[in-house]
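Since the model is a prediction, treat every value here as computed from it, not as a measurement. Here is the naming used below: chain letters follow the sequence lines, and residue numbers restart at 1 for every chain.
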Number of protein chains: 2
Amino acid sequence: MSSSPSESISLPPLNLPQGPEDKFREFLEIRGEKLTAPRRTLIAHIFAHHKHFDADELVSDLQTSGQRVSRATVYRTLRLLVEAGILRELRLTNRTVYEHDYGYPSHDHMHCTECGTILEFTNEEIRQLRERMASLHGFRASGHRFIITGKCGKCLRARSPRRRLDLI
Amino acid sequence: MSSSPSESISLPPLNLPQGPEDKFREFLEIRGEKLTAPRRTLIAHIFAHHKHFDADELVSDLQTSGQRVSRATVYRTLRLLVEAGILRELRLTNRTVYEHDYGYPSHDHMHCTECGTILEFTNEEIRQLRERMASLHGFRASGHRFIITGKCGKCLRARSPRRRLDLI
DNA sequence: ATTGATGCAAAGGCTTTGCATTGCT
DNA sequence: AGCAATGCAAAGCCTTTGCATCAAT
C-alpha cells in the first residue's frame, strides 16, 4: 500500500513566529476590531485540523463538536481571515474551499475531477515563471492560482483495474 | 501611447479545420441531440467577438442585438459548449466568465484585481511543468488553470502617477 | 456609554429545474 | 409520431445584509 492519503495531502508546516490567533488579533487591532469569542472558536477549530473545508462544513463541524457560531458570523469571519492572510480561498469547479495560508508554505494544487481530492505540491519554478510573465506584460503580480485538473492515481487505478491475471 | 487594450488581449486564432458550429453539431450528433436555432444564434454570437463574457452579458448582448434566447437556454447551452470543448470556463474572484477554447491557442491569464482586465499570455513551460508535476504525483493531468493576479500596467500608472514635472 | 459583534431572518445573486409547449427529423 | 429543446416561472444554492440585541471596553 502506498501512503497516499485521500482527502488532502499536507506539506510540513513552517515554524510559526506567532500563532494564527495572534496574527488575527494583530490584524483586527490595526482596524480597531476585536478578537471575540466566536472568532476565537472559529480560528481554533480551523487550525485544529489541516484540511480544505467550505463554509458549510465549518458550520456543521462546529455543531457536531457542540460549539456553535451562526452562519452569518462564519461567513463574516472567513472573509476577515482571508483578508488577514490567514486563510486562502480556493475556487474550485463546484465549490469554494479554504485552506491555511499563514504559517504554511506556499504551494499549488492538483484537483482530481473524479473524487475531488485536493493534492498540494510545491515547485519553485512556478513563482519564477509568474514573475517573469508578469514583468513581461507590465504587470505587477501579487499572487497566482495554479491548479492542475485531472485524475489522481487512485482513480486511475480504479477505472482501469489492469487485473493481475493479465500480467501472467 | 502603448497599444495595450483594455478588456481582454487576444492571441492570434488558429486555423480552424472546421468552424465552431460544425464542431458543436458533431458533438451534439454523437449524443443524439440537435443543433437548434437558439443554439446556432448563441454560437454565432459568441464567435462574432473575441472576448471574455459571462452568462448575463450574453443574455443582454443578445437582447440588444434584437435576438433573444431565454436565460435558461443560455445557461444550458453554455454548459454544453464547455463540455464540447468549445468554450472554457474561468472562475474569477467575482464572476464566472467564458472564453473561446476551440480554435484558439492554449494560454493562461493575468487578472487585474483593480480594473478586472483579463490578459492572455502563452508560455510553453507551464504545460511541461504541469506534466512533470502530475506524473511526479501519480496524477494524469487533463488541464490546468494558471491565473496570475495583480495589477496591470495601466492601473499601476494610474495609482502612482509619477508626474512629468518630477522628472525635470 | 459607546462602539462593534452576533444571530436571526430576510433578501440577493446566480444558476438550475419542473413542466407545459413548441419544434425538429 | 416521437423525442428533444425552449421558455417561463419557481425553486435552489450559497452568500450577504438589515436590524435589534448583546458584549466588551
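Annotation: of the two residues near DNA chain C, A55(B) and V69(A), the 5′-most nearest-nucleotide partner is V69(A). Mapped onto DNA chain D by nearest heavy atom, T73(B) and G32(B) fall at different nucleotides, with G32(B) at the one closer to the 5' end.
Taking all atoms of both residues into account, the shortest heavy-atom contact from H107(A) to F121(A) is CB-O, 3.2 Å.
Not one N or O on the side chain of T149(A) forms a donor-acceptor pair closer than 3.5 Å with the backbone of H111(A). A donor-acceptor pair under 3.5 Å is absent between the side-chain atoms of T77(A) and the main chain of V74(A), judged by distance alone. Using a distance-only test at 3.5 Å, with no hydrogens or angles considered, a donor-acceptor pair links the side chain of H100(B) to the main chain of H49(B).
In this structure, R79(B) places its CZ atom where only 12 or fewer heavy-atom neighbours from other residues, nucleotides or ligands lie under 6.0 Å away. By the 6.0 Å contact criterion, CZ on R91(B) is enclosed, its count of non-hydrogen atoms from other residues, nucleotides or ligands being greater than 12.
To the nearest angstrom, C1' of dC24(C) lies 12 Å from CZ of R39(B). Atom-to-atom, CG of L81(A) to C1' of dT15(D) comes out at 16 Å; the value is rounded to the nearest Å. Taking atom CD of residue E29(B) and atom C1' of nucleotide dC3(D), one finds them 16 Å apart after rounding to whole Å. Atom pair L92(B):CG and dC14(C):C1' shows a separation of 15 Å (rounding to whole Å applied). Rounded to a whole Å, the CG atom of L35(B) is 17 Å from the C1' atom of dC3(D). Separating the CD atom of E57(B) from the C1' atom of dG13(C) is a distance of 15 Å, rounded to the nearest angstrom. Straight-line distance from the CG atom of D56(B) to the P atom of dT16(C): 14 Å, rounded to whole Å. Rounded to whole Å, atom C1' of dC14(D) lies 10 Å from atom OH of Y98(A).
Interatomic distance, H45(B) NE2 to T41(B) OG1, rounded to the nearest 0.5 Å: 9.5 Å.
Regarding contacts with the backbone of dT15(C), a side-chain N or O of Y75(B) is found under 4.0 angstrom from either OP1 or OP2. Considering only side-chain N and O atoms, R79(A) lies under 4.0 angstrom from the phosphate OP1 or OP2 of dT16(D). Remark: R71(B) is not in phosphate contact with dC14(C), judged by side-chain N or O atoms under 4.0 Å from OP1 or OP2.
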Between protein and nucleic acid, restricted to nucleotides 18-25 of chain D and to nitrogen or oxygen atoms under 3.5 Å apart, what atom pairs and distances do you find?
none

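Checking dT6(C), dT6(D), dC8(D) against every side-chain atom of R68(B), the shortest atom distance belongs to dC8(D). Looking at the side chain of S70(B), the nearest of the listed nucleotides dT6(D), dT15(C), dT16(D) is dT6(D).
At the heavy-atom level, R31(A) lies nowhere under 4.0 Å from the strands shown.
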